[in-house]
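Atoms considered below: every heavy atom in the structure, side chains included; atoms not considered: hydrogens, waters and symmetry mates.
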2 protein chains.
Amino acid sequence: MSRGSTEQPSTADGPRQTGRATLRDVAKLAGVSIATASKALNNQPQVRAETRTRVLQAAEQLSFSPNTLAQGLITQRSGTVGLLTSDLEGRFSIPILMGAEDAFGSDQTSVFLCDARGDNLRERHHLRALLSRRVDGLIVVGARPDARPSLGRDLPVPVIYAYSPSDDPADLSLVTDNVGGGRMAVDHLIRHGRRRIAHITGDPSYGAAQDRARGALDRLAEEGLPLAGDQVWFGAWSEAWGRGATRMLLQRDPDIDAIFAGSDEIARGVLDVLHQEKLAVPTQVAVIGFDNWNILAVNARPPLTTIDMNLEALGRLAAQRLFAAIDGTLGSGVETVAPRLITRESTAPLD
Amino acid sequence: MSRGSTEQPSTADGPRQTGRATLRDVAKLAGVSIATASKALNNQPQVRAETRTRVLQAAEQLSFSPNTLAQGLITQRSGTVGLLTSDLEGRFSIPILMGAEDAFGSDQTSVFLCDARGDNLRERHHLRALLSRRVDGLIVVGARPDARPSLGRDLPVPVIYAYSPSDDPADLSLVTDNVGGGRMAVDHLIRHGRRRIAHITGDPSYGAAQDRARGALDRLAEEGLPLAGDQVWFGAWSEAWGRGATRMLLQRDPDIDAIFAGSDEIARGVLDVLHQEKLAVPTQVAVIGFDNWNILAVNARPPLTTIDMNLEALGRLAAQRLFAAIDGTLGSGVETVAPRLITRESTAPLD
DNA sequence: CGGAAGACCGAAAAGGTTTTCAGGAACGTA
DNA sequence: TACGTTCCTGAAAACCTTTTCGGTCTTCCG
């Protein structure tokens, strides 16, 4: 560390009572007033070059670092934002978090992480704490892609809802375009010459399941193609359901040539049964997943073509929107982020 | 929100210039001085009960929330800590984070999240920012269970290293007991009557791989048992390596009755090949993994017995140690957290 | 040489809270 | 009535920085 290289400042060589150099110390060492020292460090123009360097040297020597609390107190801006997630464990929050943290990090903004663990009381508690800390803004990251209760309209800072939209249309929410994702998946299969496409997906109470199915059906309809297997196979977001549904599906409709799975987890189950049934992937049946959950998709046999929700981009976008809202005023409504196709080996043109 | 229920305070009904009620406003409304208001809100004894309730009511009415920045400025304690991780993406950081966040949350401490993304420069940058924000302490969460460079001895706040120990023995590091984990895994197999136990694990450059292997070998030696397969099969932390190694292993030593896999990912590969070879799990061959990575372990067929590193507990412990260190002084050396066995169906007593 | 303009610097207020210390009121005792 | 206690309350300093505004000094021009 650079602090290490200087003689560690102690009672002997300087007036350090609190253990840290303050602007006053720097000013004294540089032989100027506090005001001048401040200006010099902040690149204000009204200070001579020679004086500035003297101050800079003094600051360096004392390894001065400005007290952000005091700065925040006076500028009425803390330079912090709150990231209020309801479910850190769930794998979807993390990439959003990363994106947001990354975007803020390149500014001067630091991020408070709060995990409410799905508990409403804990959420309120964290909210109070964050407001008390005078965060400049808030990003609320939901656990499921369905609407969640708004934090309210009368908060003193801008709020952005990510992944789970707010149930108040006056709030600004950022979500992934699941309809577009479903459409994209089926489009990919169609382009590869598939005609008998089935769809196995998760819990029908999830908006995401409904939306993806709708996108898929829309795209099929445009092409005048029927949905293979006679229905959307709703069930659970699990490998086990993927296996079960595939078995039933094959029984009802043995000559499908593609399966769109509503998640990579389900896709793994699908692949598993296709293997057992000696149906070659992708030559006989193409499989496409959803989520691009790396550990599952990459290690699948064959590696899984899938739809990536671009969650990190969503997090970054949330950060940008919040940043813009901090001085300006905030928009409202629901904004969607386009997913993207990740092509691997589980899909290929039909001979 | 409670703020919502009051007439929203505006220019009309009160002296609100900055948009938020301040202690001065509360005091004025309650008809007392700022000092008294402060004491009343902080449960100081030198204030009459009647006055206290008057202040409390005023605070409630204005939905006052104290400015933590100002408090921190004067108390010389910000009530925040920094969580400096080098790799948010990696799945190991998350549970540690959750544990720490949870432990701090129940106190009054808020957590700054910083992801250095494995970049040294970014780490320094974040460190500077955190110190500038006057965090009361720091937890450094590594990406790999191997030693990492210390942040230095002369930081003005206590630092605790989690998962990756610091290379400076004067620092305090908290790590998982991988030797104990390896021992625990083999012990479990032995207790279930297994005698021909093999070990397939990941990248030998990882301390964790070496430690787990050592623990396993120790336990075997105690029992006078040889290691089946003639060697520890080091390779990569991947399903593919799990598959490859299992094939080679079976060729060399067809009648093993248990495999200890160095990670759940590897274990999945192992299970896969055992399936193909028609070796029944757990009746013929028992399999135990490491990490308790839920998505892999639970969905395996059969569900995987595995070793859980107790990372969330590690995070919580780190928080506690840091908390203790903030007033007192910090210990040093490496402290280990015991892993725990998660029994599922991939292991069972040999008839 | 006088004066105006410009460059640089410093005193002081402000931001919101905690805490110390002194003063005032009420009360009991001599 | 005078005085000592006990309780409450409030003025003011402190924490560290930014920013405004007035002041000093130099320089240049007439």
Side-chain angles (χ1 to χ4, degrees), chain A residues 15-56 58-59 62-79 108 131-136 156, chain B residues 15-55 58-59 62-80 108 131-136 156:
Chain A
R16 322 280 321 294
Q17 59 280 42
T18 126
R20 255 129 151 180
T22 156
L23 191 56
R24 188 211 308 285
D25 301 335
V26 176
K28 190 179 297 181
L29 182 56
V32 299
S33 77
I34 295 186
T36 312
S38 171
K39 288 174 213 158
L41 292 173
N42 294 331
N43 287 326
Q44 296 284 90
Q46 334 108 331
V47 47
R48 211 175 1 155
E50 190 266 337
T51 317
R52 183 187 310 281
T53 62
R54 221 168 57 233
V55 171
L56 256 40
L62 296 176
S63 69
F64 168 75
S65 92
N67 186 326
T68 318
L69 274 58
Q71 289 179 322
L73 193 54
I74 184 168
T75 61
Q76 301 285 38
R77 182 142 307 174
S78 67
Q108 302 290 37
L131 291 178
S132 210
R133 293 197 182 283
R134 295 301 186 263
V135 290
D136 297 331
Chain B
R16 321 280 321 294
Q17 59 280 43
T18 127
R20 254 127 153 183
T22 156
L23 191 55
R24 187 209 311 283
D25 302 334
V26 175
K28 191 179 296 181
L29 181 57
V32 299
S33 76
I34 296 186
T36 311
S38 171
K39 287 172 213 157
L41 292 173
N42 294 330
N43 288 323
Q44 298 283 92
Q46 333 108 331
V47 48
R48 215 181 351 164
E50 190 266 334
T51 317
R52 182 187 311 280
T53 63
R54 221 169 56 234
V55 171
L62 297 176
S63 69
F64 169 75
S65 92
N67 186 325
T68 318
L69 275 55
Q71 288 180 319
L73 194 54
I74 184 170
T75 60
Q76 302 284 44
R77 181 141 308 175
S78 68
T80 60
Q108 301 291 39
L131 292 178
S132 211
R133 293 200 181 282
R134 296 298 185 267
V135 291
D136 297 331

Visitor: Is there a donor-acceptor contact under 3.5 Å from the side chain of B:Arg134 to the main chain of B:Leu73?
Guide: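 No, B:Arg134 side chain to B:Leu73 backbone: no donor-acceptor pair under 3.5 Å.
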Visitor: Please name the pair of heavy atoms, one in B:Val47 and one in B:Thr36, separated by the smallest distance, quoted to 0.1 Å.
Guide: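 Heavy-atom minimum between the residues: CG2-CG2, 4.2 Å.
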Visitor: Please step through side chain to side chain contact (heavy atoms under 4.5 Å, CB included) for the pair A:Leu23 and A:Phe64, ending with a clear verdict.
Guide: CA-CA 8 Å; A:Leu23 191 56; A:Phe64 168 75; 4.0 Å; yes
Visitor: Check this one for me: any side-chain N or O of B:Ser38 less than 4.0 Å away from OP1 or OP2 of C:dT17?
Guide: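 Checking C:dT17 against B:Ser38, no side-chain N or O comes under 4.0 Å of OP1 or OP2.
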Visitor: Is the side chain of B:Asp136 donor-acceptor paired with the backbone N or O of B:Ser78 at a distance under 3.5 Å, no angle test?
Guide: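 Looks like yes, one N/O pair under 3.5 Å.
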Visitor: Base, sugar-phosphate alone, or nothing: which one does A:Thr68 contact when heavy atoms must sit under 4.0 Å apart?
Guide: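 Counting heavy atoms under 4.0 Å across all strands, no contact is made by A:Thr68.
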Visitor: Measure from the side chain of A:Gln76, starting at C-beta and using heavy atoms only, and say which of C:dT19, D:dT18, C:dG16 lies closest.
Guide: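 Looking only at side-chain atoms, A:Gln76 lies closest to C:dG16.
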Visitor: Which is it for B:Arg24 and B:Ser33 under the side chain to side chain donor-acceptor pair (under 3.5 Å) test, yes or no, and what are the steps along the way?
Guide: CA-CA 8 Å; B:Arg24 187 209 311 283; B:Ser33 76; over 6 Å; no
Visitor: Rounded to whole angstrom units, what separation is found between the NZ atom of B:Lys28 and the C1' atom of C:dG16?
Guide: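 In whole Å, C:dG16 C1' and B:Lys28 NZ are 14 Å from each other.
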Visitor: Atom CG of B:Leu23 to atom P of C:dT18: distance rounded to whole Å?
Guide: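 Taking atom P of C:dT18 as the reference, CG of B:Leu23 is at 7 Å.
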Visitor: Judged by each residue's nearest nucleotide on DNA chain D, which is more toward the 5′ side, B:Ala70 or B:Thr36?
Guide: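 By nearest-heavy-atom nucleotide position, the 5'-most residue is B:Thr36.
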Visitor: Please report, rounded to the nearest Å, how far the P atom of D:dC16 is from the CD atom of B:Gln71.
Guide: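 So the CD-P distance, B:Gln71 to D:dC16, works out to 16 Å.
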Visitor: Is A:Thr75 close enough to C:dG15 that one of its side-chain N or O atoms is under 4.0 Å from OP1 or OP2 there?
Guide: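 So the side chain of A:Thr75 is outside the cut-off, no N or O lying under 4.0 Å from OP1 or OP2 of C:dG15.
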Visitor: How close or far is atom P of C:dG16 from atom CG of B:Asp25, stated in whole angstroms?
Guide: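 Checked: the CG to P distance equals 9 Å.
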Visitor: Nearest whole Å is fine: how far is C:dT19 P from B:Leu41 CG?
Guide: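 Atom CG in B:Leu41 sits about 13 Å away from atom P in C:dT19.
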Visitor: Using whole Å, what does the distance between atom P of nucleotide C:dT19 and atom CG of B:Asn43 come to?
Guide: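 Those two atoms, CG and P, are 13 Å apart.
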Visitor: Roughly, in whole Å, what's the span from CD in A:Glu50 to C1' in C:dC9?
Guide: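 Rounded to whole Å, this separation is 13 Å.
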Visitor: Please report the distance, rounded to the nearest Å, between CD1 in A:Ile74 and P in D:dC15.
Guide: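 Rounding to the nearest Å, CD1 of A:Ile74 and P of D:dC15 are 16 Å apart.
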Visitor: Distance check: side-chain N/O of B:Thr51 vs OP1/OP2 of D:dT9, anything under 4.0 Å?
Guide: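 Checking D:dT9 against B:Thr51, a side-chain N or O does come within under 4.0 Å of OP1 or OP2.
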Visitor: For B:Leu73 and for B:Lys39, find the nucleotide of DNA chain C with the closest heavy atom, then tell me which residue's nucleotide is more 5'.
Guide: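 Its nucleotide being nearer the 5' end, the pick is B:Leu73.
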Visitor: Nearest heavy atom decides the nucleotide; on that basis, is A:Arg52 or B:Gln46 closer to the 5' end of DNA chain C?
Guide: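 It is A:Arg52 whose nearest nucleotide is closer to the 5' end.
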Visitor: Look at the side chain of A:Asn67 and decide which nucleotide, out of D:dC16, C:dG10, D:dG10, has an atom nearest to it.
Guide: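 My answer, after comparing the listed nucleotides, is D:dC16.
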Visitor: Output the single nucleotide from C:dC21, D:dC15, D:dC8 whose closest atom is nearest the side chain of B:Arg48.
Guide: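 Per side-chain heavy atoms of B:Arg48, the pick is D:dC8.
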Visitor: How would you label the contact of B:Leu69 with the nucleic acid (heavy atoms, under 4.0 Å): base, sugar-phosphate, or nothing?
Guide: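 Contact class for B:Leu69: none.
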